[in-house]
Amino acid sequence: MGFKNRYLVMEVFLDPDKSLGVDDPIILTSFNVSKAIKDSILVNFGVCGLGSSIGSFQVKYVNPITKLIIVRTSREDSQKVWAAMTMVSSIANCPVLFNLLDISGCVRACKNAALKCEEAKLEQYKLVSGAHLMDEVNQQMRNYLEKIKFLES
């Protein structure tokens, strides 16, 4: 029997009290998201909690445009990591909220859920930023969608 993982597809709301706009106070990266989650696990579950969940924990995907992330964790620690993520209050001194969109046990189901969410969030981004997206943003979005398609465990 293989090692069992869970994949959490989550959206991040940066500065939720701010009015809806295109300018963001920080750029989400795998590093700062991972650090915020690990810090939350440490604060809320202690050194033993962090030690047990760190082995399989990985931020697999981050899209700073649509604020969608995919986190891999072990099946045993998935509820602990999820709880710690909901208790994260800031990333790099910017207030944030995490919202779970999907949780699955296989990467294929995770990819499908993430692609659906990305398409919906891209349409929302187009509405907010106007009808025309810059070519640079279009290219970045295509790159992020390709990253999801080639996501592996």
Side-chain angles (χ1 to χ4, degrees), residues 1-16 22 24-126 128 133 136-153:
M1 183 167 291
F3 190 72
K4 302 287 186 177
N5 286 316
R6 290 289 176 261
Y7 297 88
L8 290 81
V9 179
M10 303 194 83
E11 62 183 332
V12 181
F13 295 106
L14 296 178
D15 203 359
V22 211
D24 291 324
I26 63 165
I27 296 175
L28 286 182
T29 64
S30 179
F31 175 77
N32 60 17
V33 170
S34 178
K35 182 179 180 337
I37 296 169
K38 288 176 185 176
D39 290 347
S40 179
I41 294 171
L42 181 63
V43 166
N44 295 297
F45 298 100
V47 176
C48 289
L50 180 62
S52 71
S53 61
I54 202 83
S56 64
F57 176 81
Q58 183 182 10
V59 177
K60 298 289 280 180
Y61 172 81
V62 176
N63 186 333
I65 298 170
T66 59
K67 315 294 184 277
L68 195 76
I69 66 170
I70 298 174
V71 175
R72 182 192 72 193
T73 185
S74 68
R75 182 172 63 181
E76 294 79 26
D77 295 315
S78 62
Q79 289 188 337
K80 183 189 319 173
V81 171
W82 180 11
M85 290 174 79
T86 60
M87 291 185 246
V88 171
S89 60
S90 67
I91 296 177
N93 296 325
C94 175
V96 296
L97 289 174
F98 284 91
N99 181 33
L100 180 71
L101 299 173
D102 188 66
I103 187 168
S104 59
C106 68
V107 95
R108 182 179 27 213
C110 170
K111 281 192 236 183
N112 293 338
L115 284 171
K116 285 180 186 175
C117 293
E118 284 287 39
E119 290 169 2
K121 289 188 75 71
L122 179 60
E123 290 303 317
Q124 180 186 17
Y125 185 81
K126 285 179 183 177
V128 170
L133 280 180
E136 180 182 323
V137 174
N138 274 327
Q139 183 60 40
Q140 287 176 346
M141 280 305 300
R142 281 194 292 268
N143 291 342
Y144 286 119
L145 291 174
E146 287 298 315
K147 280 184 185 179
I148 290 178
K149 291 176 184 173
F150 294 113
L151 209 98
E152 296 177 304
S153 57

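FYI, side chains are in, hydrogens and waters are out, and symmetry mates aren't considered; it's all heavy atoms of this structure.
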For the residue pair [X] and [Y], what are the closest heavy atoms and their distance?
X	Y	value
D77	S53	OD2-CA, 3.4 Å
V88	A36	CG2-O, 3.7 Å
F45	A83	CZ-CB, 4.1 Å
P64	Y144	CD-OH, 3.1 Å
S104	A109	CB-CB, 3.9 Å

Measure the spacing between [atom1] of [X] and [atom2] of [Y] and express it to the nearest 0.5 Å.
X	Y	atom1	atom2	answer
M141	Q139	CE	CD	11.5 Å
M87	D39	CE	CG	13.5 Å
L42	I37	CG	CD1	14.0 Å
S56	R6	OG	CZ	11.0 Å
E76	N5	CD	CG	9.0 Å
R72	S78	CZ	OG	13.5 Å

Does the [X] side chain pair with the main chain of [Y], one donor and one acceptor, at a distance under 3.5 Å?
X	Y	result
K111	I148	no
N32	T29	yes
S34	F31	no

So [Y] and [X], do their side chains get closer than 4.5 Å, heavy atoms only?
X	Y	result
N143	K147	no
T73	W82	no
I91	F98	yes
L100	L8	yes
F13	N99	yes
K80	S52	yes
L68	L101	yes
M10	V71	no

Under 3.5 Å, sequence neighbours excluded: what are the donor-acceptor pairs made by side chains of residues 115-122?
| from | atom 1 | to | atom 2 | distance (Å) |
| --- | --- | --- | --- | --- |
| E118 | OE1 | T66 | OG1 | 2.4 |
| E118 | OE2 | Y61 | OH | 2.4 |
| E118 | OE2 | N63 | ND2 | 2.8 |
| E118 | OE2 | T66 | OG1 | 3.4 |
| K121 | NZ | E11 | OE1 | 2.9 |
| K121 | NZ | T66 | O | 3.4 |

*asked:* Around atom CD of Q79, are there more than 12 heavy atoms from other residues, nucleotides or ligands closer than 6.0 Å?
replied: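 Incorrect, the count does not exceed 12.
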*Considering residues, nucleotides and ligands other than N93, do more than 12 of their heavy atoms fall under 6.0 Å from its CG?*
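Counting neighbours around CG of N93, 12 or fewer heavy atoms of other residues, nucleotides or ligands fall under 6.0 Å, so no.
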*Test log, rule side chain to side chain contact (heavy atoms under 4.5 Å, CB included), inputs M85 and I69*: CA-CA 12 Å; M85 290 174 79; I69 66 170; 3.8 Å; yes
